[in-house]
A.B. asks: 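Attaching a single structure in structure tokens format; questions to follow.
Remember, it's a predicted structure, so these values are computed and weren't measured experimentally.
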Number of protein chains: 2
Amino acid sequence: MPIKEAVRPGGRSARVQEAVHQAVRELQAVKSRDELTVPQVAELAGVTPSTIYRRWGNLAELVADVSVERMRPDEDPVDTGTLAGDLQAWGEQYLEEMTSVPGQRALNDVMASADNGRRERCCRYSESLMATLRERALSRGEAAVPPLERLVDGVVAPMTYRLLYDRESATAANLRRWIVRALAVEDAD
Amino acid sequence: MPIKEAVRPGGRSARVQEAVHQAVRELQAVKSRDELTVPQVAELAGVTPSTIYRRWGNLAELVADVSVERMRPDEDPVDTGTLAGDLQAWGEQYLEEMTSVPGQRALNDVMASADNGRRERCCRYSESLMATLRERALSRGEAAVPPLERLVDGVVAPMTYRLLYDRESATAANLRRWIVRALAVEDAD
DNA sequence: GCTCATAAAGCAAATATTTTGCGTTTGTGC
DNA sequence: GCACAAACGCAAAATATTTGCTTTATGAGC
């Protein structure tokens, strides 16, 4: 049984959704963001524009929807044997993904959505990933595993901040510093 | 000599820009984001829609432009006598501003801009503010003033992350923790 | 399996918007 | 002052969006 969305899992509805998403992905590969239009997507997907407008509201929400999908982690994070290593491995891959041209566009599209539920969903991906790595470290018996919150504030937040505002500094070297610092701090408050 | 933008500082151009910005602000106070339209703004500002389209491209860029202005710090940060105090005071005010309804909208509008120069400009405000507070602390002779980069990663980044993705946790209490941690860490890398 | 109720899609006309070409106004540099 | 070019106004044309109504297909109850 495939993973389903909340739109009447059944038949036509799901088919339309898939066709529209697919059409967006194909067009995005060829056209820049502001050449993309709803009527174009509709034609390629073989649906009427009004279908798209009624379901997604406008182009911004549609592309945001597609981009959130794109950002969902598809594979389990690699196990390097240490929390620091896992964080670095995941982070480097994430940075590479998000500094790429399509990655940057996906990020922009998600941020442009008026529905902040979408943005939240997207950041939950990173947070639950942190939780996974943390559990893994605990079950290995690693010492000094920081609380989840510290991983989020110490690693995910700076990374995200750089990706959004200043991607020149979204580098693997900086990532290493964030990790070291997050794992080094012993106590506070 | 007032601060000028890069649009032919002179007369008409500047007047039009001001009229349009003003019209956007007035309409935003009354209408929700997706009731706002370019023709409406144009009428209230007393200009033709084509003027707006040619100058800003579309509504998203226009409202982003207005919002960046709105986010420019207008007054000097208060001096509390310590770096920690200054950070807390500034941060609390910033959080309050940005969790308010108009603040959230401004944030969204800026993030929705396709021009990431705009986003960058907006984050430079915070960074240069950090630099100011840091200089102030140094000239007071405070011990253990962390490098600018650590203030950005340790305080601004988590705050921004929370504001964007999970504003429930954008609180003064968390802010305090970020500050304590940023100032406490002695070394890394 | 069959029927019914209903959510979602199609279609097309009505609106609203965005784009564009061209003439006019208005700062800016000489 | 004068000439040049940038920015604006206007209006027609091209697009995109909304909306009312019809048709189709799914899921529930029998």
A.B. asks: Between the main-chain N or O of A:Thr37 and the side-chain N or O of A:Gln40, is there a donor-acceptor pair closer than 3.5 Å?
C.D. replies: yes
A.B. asks: What integer distance in Å separates A:Arg15:CZ from D:dA25:P?
C.D. replies: 8 Å
A.B. asks: Would you confirm whether B:Thr82, through its side chain, and B:Gly85, through its main-chain N or O, come within 3.5 Å as a donor-acceptor pair?
C.D. replies: yes
A.B. asks: For B:Ser50 and for A:Leu59, locate the closest nucleotide of DNA chain D by heavy-atom distance; then report the residue assigned to the nucleotide nearer the 5' terminus.
C.D. replies: B:Ser50
A.B. asks: Send over the distance from B:Tyr53 OH to D:dA16 C1', rounded to a whole Å.
C.D. replies: 11 Å
A.B. asks: Whole angstrom is fine here: how far is it from CZ in A:Arg55 over to P in C:dA7?
C.D. replies: 14 Å
A.B. asks: In residues 35-49 of chain A, which residues come under 4.0 Å of DNA chain D by heavy atom?
C.D. replies: A:Thr37, A:Val38, A:Pro39
A.B. asks: Side chain of B:Ser13 only, heavy atoms from C-beta on: which candidate in D:dA7, C:dG21, C:dA8 is closest?
C.D. replies: D:dA7
A.B. asks: Rounded to the nearest angstrom, tell me the gap between atom CD1 in A:Ile52 and atom C1' in D:dT18.
C.D. replies: 14 Å
A.B. asks: Donor-acceptor pair under 3.5 Å: do we get one between A:Arg12's side chain and the base of C:dA8?
C.D. replies: yes
A.B. asks: Below 3.5 Å, does any donor atom in the side chain of B:Arg54 face an acceptor in the base of D:dG9, or the other way round?
C.D. replies: yes
A.B. asks: Could you check whether any side-chain N or O of B:Arg150 sits under 3.5 Å from a backbone N or O of B:Ala182, counting only pairs where one atom can act as donor and the other as acceptor?
C.D. replies: no
A.B. asks: To the nearest angstrom, how far is B:Asp34 atom CG from C:dT17 atom P?
C.D. replies: 13 Å
A.B. asks: Between B:Arg105 and B:Asn108, do the side chains contain an N or O donor and an N or O acceptor separated by less than 3.5 Å?
C.D. replies: no
A.B. asks: In whole Å, I'd like the distance from the CH2 atom of A:Trp56 to the P atom of D:dA16.
C.D. replies: 18 Å
